[in-house]
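Single-structure report; data block below.
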Amino acid sequence: MSEEVLRAEIARAQFDAIRAHSVGAEGEHTHPRLVEQYGHRLAVAEDHALAKGVHEERRLQHYRAVLIAVEAGRNRLLELFNAGRIHDSVMHRLEGELDQEELFAARVVELIEVD
């Protein structure tokens with residue numbers, strides 16, 4: 001099984017789980033935004049599985065843009081912290097979230113550039 005097909009299988013399982021969890025007593029979704037987000041992830045994963053390699057450049061540019069956004073967010077966070085406008089605990093929590101986002105995006109870029 002290719003990585004793309006595996007990612008589509010995982011995305012399908014996640015979408016099915018969030019959709020089942022989200023349905024309320026009267027059939028409406030209690031988490032419609034999550035259903036929408038996981039549905040989008042599934043559509044992208046299935047598209048990539050069907051068109052292996054076609055989307056690599058677009059994916060590379062996407063994650064490079066994510067790295068630019070993370071850098072801008074980190075710079076703003078540091079500005080606010082250095083100005084004394086946010087508490088240490090808040091700074092460290094948000095910095096950790098930015099670190100995770102950056103690590104993931106950087107890893108994807110690295111893997112695409114190596115292939």
Side-chain angles (χ1 to χ4, degrees):
M1 179 179 298
S2 71
E3 181 178 340
E4 290 80 6
V5 171
L6 178 58
R7 287 182 184 278
E9 290 287 329
I10 292 168
R12 166 61 63 194
Q14 290 176 318
F15 174 71
D16 290 347
I18 200 67
R19 186 177 55 190
H21 177 75
S22 176
V23 176
E26 296 180 20
E28 79 289 348
H29 284 289
T30 55
H31 307 289
R33 184 72 176 129
L34 282 175
V35 173
E36 179 186 338
Q37 288 173 343
Y38 279 87
H40 177 73
R41 289 180 188 179
L42 173 59
V44 169
E46 289 178 339
D47 186 43
H48 285 209
L50 293 173
K52 181 177 173 21
V54 172
H55 300 289
E56 289 303 301
E57 183 60 30
R58 187 170 31 163
R59 189 170 178 230
L60 178 62
Q61 295 309 317
H62 171 89
Y63 283 103
R64 284 182 175 158
V66 168
L67 290 172
I68 290 167
V70 169
E71 181 181 11
R74 187 181 308 279
N75 289 341
R76 182 64 178 144
L77 178 64
L78 290 172
E79 286 173 15
L80 293 169
F81 179 72
N82 290 333
R85 295 183 57 197
I86 58 175
H87 190 272
D88 284 358
S89 63
V90 174
M91 196 293 216
H92 291 297
R93 186 171 50 251
L94 294 177
E95 185 177 41
E97 291 173 12
L98 290 169
D99 288 346
Q100 290 178 343
E101 191 174 1
E102 180 180 35
L103 286 170
F104 179 78
R107 181 68 176 143
V108 171
V109 168
E110 178 185 321
L111 288 172
I112 293 171
E113 290 178 337
V114 167
D115 284 342

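Below, all heavy atoms of this structure are taken into account, side chains as well, without hydrogens, waters or symmetry copies. Just so you know, residue 1 is the first one in the sequence shown, and it goes up from there.
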Can you measure from [atom1] ([X]) to [atom2] ([Y]) and round to the nearest 0.5 angstrom?
X     : Y      : atom1 : atom2 : result
Leu60 : Arg58  : CG    : CZ    : 12.5 Å
Tyr63 : Glu101 : OH    : CD    : 10.0 Å
Glu79 : Ile86  : CD    : CD1   : 10.5 Å
Glu3  : His48  : CD    : NE2   : 12.0 Å
Leu94 : Leu80  : CG    : CG    : 10.0 Å

- Message: Over 60° means perpendicular and under 30° means parallel, so tell me whether His21 and His31 are parallel, tilted or perpendicular.
- Response: parallel
Please name the pair of heavy atoms, one in [X] and one in [Y], separated by the smallest distance, quoted to 0.1 Å.
X     : Y      : result
Leu67 : Glu102 : CD2-O, 3.7 Å
Arg19 : Val35  : CA-CG2, 4.1 Å
Phe15 : Tyr38  : CD1-C, 3.7 Å
Leu77 : Met91  : CD2-O, 3.8 Å
Ala8  : Leu42  : O-CD1, 3.9 Å
Arg59 : Ile112 : CG-CD1, 3.8 Å

- Checking Thr30 side chain against Ser22 main chain: does a donor-acceptor pair fall under 3.5 Å? yes
- Quick check: does any side chain N or O of Asn82 sit under 3.5 Å from a backbone N or O of Leu78, one acting as donor and the other as acceptor? yes
With a 4.5 Å limit on heavy-atom distance, are the side chains of [X] and [Y] in contact?
X      : Y      : result
Arg107 : Leu111 : yes
Phe81  : Asp88  : yes
Glu95  : Asp99  : yes

NZ/NE/NH1/NH2 to OD/OE distance under 4.0 Å, [X] and [Y]:
X     : Y     : result
Glu97 : Arg93 : no
Arg33 : Glu36 : yes
Glu71 : Arg74 : no

- side chain to side chain contact (heavy atoms under 4.5 Å, CB included) between Gln14 and Ile18: does it pass, once the steps are laid out? CA-CA 6 Å; Gln14 290 176 318; Ile18 200 67; over 6 Å; no
- Linking I/L/V/M/F/W/Y whenever their side-chain heavy atoms sit closer than 4.5 Å, directly or via other members, would Val108 and Val5 fall into one cluster? no
- Task: Identify whether Val44 and Leu50 are in the same connected component of the hydrophobic contact network (ILVMFWY, side-chain heavy atoms under 4.5 Å).
- Result: no
- Message: Around atom NE2 of His92, are there more than 12 heavy atoms from other residues, nucleotides or ligands closer than 6.0 Å?
- Response: yes
- Message: For Glu46 and Arg41: C-alpha separation, side-chain torsions, deciding distance, then whether salt bridge (Lys or Arg N to Asp or Glu O under 4.0 Å) applies.
- Response: CA-CA 9 Å; Glu46 289 178 339; Arg41 289 180 188 179; over 6 Å; no
